[in-house]
2 protein chains.
Amino acid sequence: MAARDLQERIKKLIIDRRLPSGAPLPTEPELMEFLGASRNSVREALKALQAMGIVEIRHGFGTYVGPMSLAPMIEGLAFRTVAGHYRGEDSLLQLLELREAVETGLVSRLAGRLPEADLDELAALVARMEEQAAQGAGLAETDRAFHATLYRGLDNVLLSEVLEAFWDAFHRVRCDLVEVPQDPQVTCRQHREILDAVRSGDSARAERAIRSHFGHVRARLDVSTERSPSPQ
Amino acid sequence: MAARDLQERIKKLIIDRRLPSGAPLPTEPELMEFLGASRNSVREALKALQAMGIVEIRHGFGTYVGPMSLAPMIEGLAFRTVAGHYRGEDSLLQLLELREAVETGLVSRLAGRLPEADLDELAALVARMEEQAAQGAGLAETDRAFHATLYRGLDNVLLSEVLEAFWDAFHRVRCDLVEVPQDPQVTCRQHREILDAVRSGDSARAERAIRSHFGHVRARLDVSTERSPSPQ
DNA sequence: TCCGATTTGTTCGTATGTATG
DNA sequence: ACATACATACGAACAAATCGG
């Protein structure tokens with residue numbers, strides 16, 4: 001009776017007091033008194049809220065309002081994908097298709113509307129990617145930065161975070177599950193083509209570039225997915 | 001030190017044993033022995049996993065593998081949006097824009113590719129919507145069904161669930177925060193136009209229809225958002 | 001309807017680890 | 001080194017819910 005209620009009441013407390021991210025929450029004893037519940041119940045409620053990213057607990061220091069990031073969504077998506085994969089579903093492919101669907105829809109609207117500064121930054125990222133490819137280094141982080149920078153121009157923090165969350169979940173699962181046959185040269189060429197297309201302002205070409213990029217990732221996925229790896 | 005670890009080990013247990021959704025987990029005493037932790041610690045870990053939708057706990061019955069739905073994401077998104085709204089941010093508008101971005105990207109690809117059966121179902125939904133509008137009844141559920149049916153043809157369960165999650169979060173927050181000036185007639189016309197556009201196979205027209213629909217919702221939002229309501 | 005077995009829900013007391021000053 | 005404040009962890013007990021006889 002209390003457990004579910006406690007979470008709601010703590011959330012309501014944050015709303016009512018207009019607590020911003022990082023603001024300190026009452027200590028556990030204070031919450032015990034305020035909510036009229038025992039330590040353990042309060043702690044379980046806080047644990048649940050922590051899992052949702054609503055509060056942040058720092059050992060030996062205190063409890064604070066969380067950053068409200070989408071990190072817990074990544075966690076949930078990643079687990080759901082891993083579990084589905086080991087059960088023989090094509091969950092990883094579905095996650096990739098989700099990214100493809102969203103990004104193709106966005107990039108066409110982005111074409112020709114990106115400020116010069118963002119385009120320069122993207123160009124620098126591609127250059128760095130080519131450098132890393134030449135050295136045989138991993139270019140995952142640069143790839144992430146490219147996609148993040150690309151959609152920053154939409155001026156919607158939520159949208160950017162959701163896309164980054166999808167990227168993170170996909171990347172984490174892919175690393176855990178399948179060793180992808182790297183092909184850095186092709187990856188670089190495709191990112192440069194995306195950049196050129198967006199710069200040119202040709203929506204259709206930009207959409208084609210994105211679709212081609214994802215098609216390549218999908219192809220690498222298919223050949224790696226033939227055999228189902230076993231955990232540990 | 002153990003808390004974070006316990007969650008990971010329970011997740012690993014689900015993965016390793018290939019437990020499908022709905023499968024029973026070991027009881028709390030069994031988990032205590034298996035994980036070498038006290039009951040309270042095990043319970044806190046389970047609570048956190050429950051918040052992420054990974055496990056489902058039924059009082060007096062047992063613990064089970066969760067449905068892996070995106071319900072926790074809705075919860076998190078909704079709270080984040082409400083909290084941001086009361087802090088004076090335009091979080092609700094951002095959520096709407098997120099939906100608009102995704103749906104405009106998808107509907108253009110859908111135009112002309114929807115099977116006849118789905119089109120008929122959509123037509124029935126619009127008819128029902130018009131009926132409800134005439135009676136002055138709420139048409140939220142029908143609206144939800146329309147959007148859900150529309151993107152079912154993409155054949156990607158994850159994608160459908162994400163879109164439904166966005167719809168749910170937006171609807172919940174909108175109901176909690178602002179009383180929207182209903183305009184059922186316009187809503188019906190716009191949904192019919194979306195349907196007609198998709199049926200005609202004209203991608204650009206479909207995208208225009210969706211964008212017009214969202215534009216209308218946004219306009220109603222703007223006038224309601226002038227004054228910031230206070231909670232309870 | 002009742003009963004007992006099983007399982008989760010809630011509470012208390014106590015001890016330990018950790019960060020701050 | 002010490003004290004304070006806080007979170008972490010454990011164990012034991014009882015309450016409440018569920019299921020089957």
Side-chain angles (χ1 to χ4, degrees), chain A residues 1-14 17 19-69 71-72 75-76 79, chain B residues 1-14 17 19-69 71-72 75:
Chain A
M1 182 71 101
R4 203 68 187 172
D5 228 38
L6 285 187
Q7 296 183 30
E8 292 304 321
R9 290 212 280 163
I10 295 178
K11 287 200 280 186
K12 191 172 184 318
L13 183 145
I14 296 177
R17 302 192 184 175
L19 297 180
S21 292
L25 244 61
T27 66
E28 285 181 350
E30 285 172 327
L31 280 177
M32 286 169 56
E33 188 186 353
F34 179 76
L35 301 170
S38 76
R39 226 183 312 263
N40 251 313
S41 302
V42 172
R43 282 182 56 75
E44 286 182 7
L46 286 177
K47 274 283 177 188
L49 292 176
Q50 183 188 35
M52 293 189 280
I54 292 177
V55 308
E56 187 181 352
I57 308 177
R58 268 180 273 178
H59 191 139
F61 194 47
T63 308
Y64 299 84
V65 179
M68 311 262 182
S69 80
E75 209 60 38
F79 183 81
Chain B
M1 184 67 105
R4 201 70 191 172
D5 227 38
L6 285 187
Q7 296 182 31
E8 293 304 321
R9 291 213 280 162
I10 294 177
K11 287 200 279 187
K12 191 171 183 317
L13 183 146
I14 296 176
R17 302 192 183 175
L19 297 180
S21 291
L25 247 60
T27 66
E28 287 178 353
E30 286 171 329
L31 281 177
M32 286 168 57
E33 188 188 352
F34 179 76
L35 300 171
S38 76
R39 182 155 176 238
N40 279 326
S41 303
V42 171
R43 281 184 56 77
E44 284 184 12
L46 286 176
K47 272 284 179 189
L49 292 176
Q50 184 188 35
M52 294 189 279
I54 292 178
V55 307
E56 188 180 350
I57 307 177
R58 270 179 273 180
H59 190 163
F61 194 45
T63 309
Y64 299 82
V65 179
M68 310 266 182
S69 80
E75 209 61 38

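Hydrogens, waters and symmetry mates play no part in the numbers below; they use all other heavy atoms, side chains included. Throughout, protein chains are lettered first and strands after them, A, B, ... in sequence-line order, and every chain is numbered starting at 1.
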Atom [atom1] of [X] to atom [atom2] of [N]: distance rounded to whole Å?
X	N	atom1	atom2	value
B:Leu46	D:dA9	CG	C1'	16 Å
B:Glu44	C:dT11	CD	P	14 Å
A:Asn40	C:dA15	CG	C1'	15 Å
A:Gln7	C:dG9	CD	P	12 Å
A:Met32	C:dG13	CE	C1'	11 Å

TODO: Mind checking the CG-CG spacing from A:Leu6 to A:Leu13? Nearest 0.5 Å is all I need.
DONE: 12.0 Å

Open item on the list: Is there a side chain to side chain contact (heavy atoms under 4.5 Å, CB included) between B:Leu31 and B:Thr63? Walk through the geometry before answering.
Closed with: CA-CA 11 Å; B:Leu31 281 177; B:Thr63 309; over 6 Å; no

Pull out every protein N or O sitting under 3.5 Å from an N or O of nucleotides 5-8 of chain C, one pair per line with the distance.
residue: C:dT8; atom: OP1; partner: B:Thr63; partner atom: OG1; Å: 3.1
residue: C:dT8; atom: OP2; partner: B:Glu28; partner atom: N; Å: 3.0
residue: C:dT8; atom: O4'; partner: B:Gly60; partner atom: N; Å: 3.4
residue: C:dT8; atom: O2; partner: B:His59; partner atom: NE2; Å: 3.3

Open item on the list: Between A:Arg39 and A:Glu28, does any side-chain N to carboxylate O distance fall below 4.0 Å?
Closed with: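 Here A:Arg39 does not pair with A:Glu28 in a salt bridge, since their nearest N and O are not under 4.0 Å apart.
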
Task: Steps toward side chain to side chain contact (heavy atoms under 4.5 Å, CB included) verdict (A:Leu25, A:Glu30) - done: CA-CA 9 Å; A:Leu25 244 61; A:Glu30 285 172 327; over 6 Å; no

Determine all donor-acceptor pairs shorter than 3.5 Å in which one atom belongs to a side chain in residues 45-52 of chain A; sequence neighbours excluded.
none

Task: Closest contact, heavy atoms only, A:Phe34 versus A:Arg17 - done: CE1-NH2, 4.0 Å

TODO: Could you let me know what D:dA15 is paired to, Watson-Crick or G-U wobble, both distances under 3.5 Å, or none if it's on its own?
DONE: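 D:dA15 is paired, partner C:dT8.
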
